[in-house]
Number of protein chains: 2
Amino acid sequence: MESTSQTSLFERLKESLESLRKSERKVAELVTEDPSFVMESSMSAVAARAGVSEPTVMRFCTGLGFDGFQAFKLALAQALILGVPSVESAMNRGDSVAELASKIFDQTISSIDRSRRFLDLDQMEAAVQTILESKALVFIGLSASGLIAQDALQKAQLFGIPCSAPSDTHQQFMAAAMTDPDTTFVVISNTGRTRSTNRVAQLARSRGATVIGISGDDTPMMQLCDIKIVAKTFENTDVYTPTVSRLAGLVVIDILSTAVSLRRGEAHFADFESMKAGLAGYARMTDGETLPVATPFD
Amino acid sequence: MESTSQTSLFERLKESLESLRKSERKVAELVTEDPSFVMESSMSAVAARAGVSEPTVMRFCTGLGFDGFQAFKLALAQALILGVPSVESAMNRGDSVAELASKIFDQTISSIDRSRRFLDLDQMEAAVQTILESKALVFIGLSASGLIAQDALQKAQLFGIPCSAPSDTHQQFMAAAMTDPDTTFVVISNTGRTRSTNRVAQLARSRGATVIGISGDDTPMMQLCDIKIVAKTFENTDVYTPTVSRLAGLVVIDILSTAVSLRRGEAHFADFESMKAGLAGYARMTDGETLPVATPFD
DNA sequence: GTATTTATGTAGTATTACTACCAAAACCAC
DNA sequence: GTGGTTTTGGTAGTAATACTACATAAATAC
């Protein structure tokens, strides 16, 4: 399958639009204008509506790297359900809640898919190894990225090593100033341009700590990090576009924490089980209601 | 398209497995076992590998409500990219980071798609209206749901009305005990069985506040709420399954906050713009780096 | 045990995707 | 401009695929 490439179908279409010959461009335009029609129709119908011949449609598909029209249609169906790219689905003042919900779900799903395509698994592996070898963990972030840090803290507390997520800049600075080479800092910033976060990363690193960066792109912050994890989403061009970046960040945290938990082995698993039992008991005692054993989180 | 129904293709397959005649069941089993093969193959190939005739495959497709084999393949392609249901992709101790990442992305995307299908838009609309008419907002949640509450708070601060998200149970209780009918409480709990959260919901409501509940299902907590928003995901059967519920909750918050912001109109928009400018200026002053204007969040 | 319904396969047809080949257009050297 | 060359687009034909009508086999009911 060719769709394992990094960029999504619509992005590739847009990029190659210039380099296409004008008949094929007609096809490309039809695809972007009315993808559902193309998905549901036969090659002859597509050719007729685009005003070209069938082989042109065929060449268009193979030119994009697909085996044929069928394969292209499948890829198009997949791209379609992941949602139209964010630019085409900007929020309007008159949108109903239903329309907004649809657009936001589209953006969310397509963004997570995008971050999936761009995620560097080698860096993830390196991050897991680093965390496993660390004696302490510190998570750093502000506002939306701060929430990701708090989420990471909730999960990291199950690792069995000291960990913290100072939430204001001064405490973050202090944590970095006092750190040591056995500690790993996870610094999170979507823009990668938040000066205070960058300063913390730099300081922690200068004191020998390993610094893992989670950012929306290859940002300035990444230069200050030993391990660079890019959680790429679609850029927020619109004011009202919700911040999908935090969702991508949370998924990265999910992957890291799951991998670390699994690698920590049986001994840790026993602790984990007893924690769960304890938490369930605690909830029963204090709140009079049993938490489901399988979900320690609320 | 038939795929606009609530349940996903794989769920429908599982449900109808019993009612199928045994030849068609062979096809269904092949689809669940090796969906990629079915997606990539022709009808004859599928029929051959399932050990049935082509018309049986055809009947299987039309029986599920599709126009034909092609239409079924498109739906399958879409279901596939949304990820295989969680049960089939449990985490194993020996999984590589790449495998874990793949499984977690699958679960995340398919869960968000699921919550999309189940989201009650009328309740969302009611929630938006309620928030617009409120004079104050309070967000309540613990642990993972607490993070959602904090996220909601970050967004709600742009609404221009007093809002808070007390994070410990005592402060939550106090907020409920002191509330009034002009205030709206948004109580968040995936399980809906957290006693303290439920108590807060009950108390706030008894004092006349409107209570919006966000939960993973039609849980006990929902009985205590005026407006019930279900953010449905795939159940966490596995211990190591990450909590996708918080992501669904965050998307709900995205939709609510975007809708509310848009409805508040031009006056509020001006405030919002000036806040952005101010924040950018603040970042420049204090941190020596400019935040992109379009993204007030880090 | 026969009749009736249900389930499955056989054989045929129409559609569809794909390919080999050819014609027109564009480009270029001179 | 003209002749050669390359690029681009279309025609026609072929192989395959999806789909349908029909017949047979199995199961059920009476």
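Since the model is a prediction, treat every value here as computed from it, not as a measurement. We name chains A, B, ... by the order of the sequence lines, and we start the count at 1 in each one.
- In this structure, Lys232(A) does not pair ionically with Asp113(A), as no charged nitrogen and carboxylate oxygen lie closer than 4.0 Å.
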Starting at the 5' end of nucleotides 7-23 of chain D, put B wherever the base has a protein heavy atom under 4.0 Å, S where only the sugar-phosphate does, and a dash everywhere else.
-SBBB-----SSBB---
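- When side chains are defined from C-beta on, Ile229(A) does not count as touching Asp120(A), because their heavy atoms never get closer than 4.5 Å.
- The shortest side-chain heavy-atom distance between Met222(B) and Asp217(B) does not fall under the 4.5 Å cut-off.
- Proximity of Glu24(B) to Glu29(B): side-chain heavy atoms (C-beta onward) are nowhere separated by under 4.5 Å.
- Residues forming a ring-ring contact (aromatic ring centres under 6.0 Å, His included) with Phe72(B) (at least two apart in sequence, or on another chain): Phe60(B), Phe66(B).
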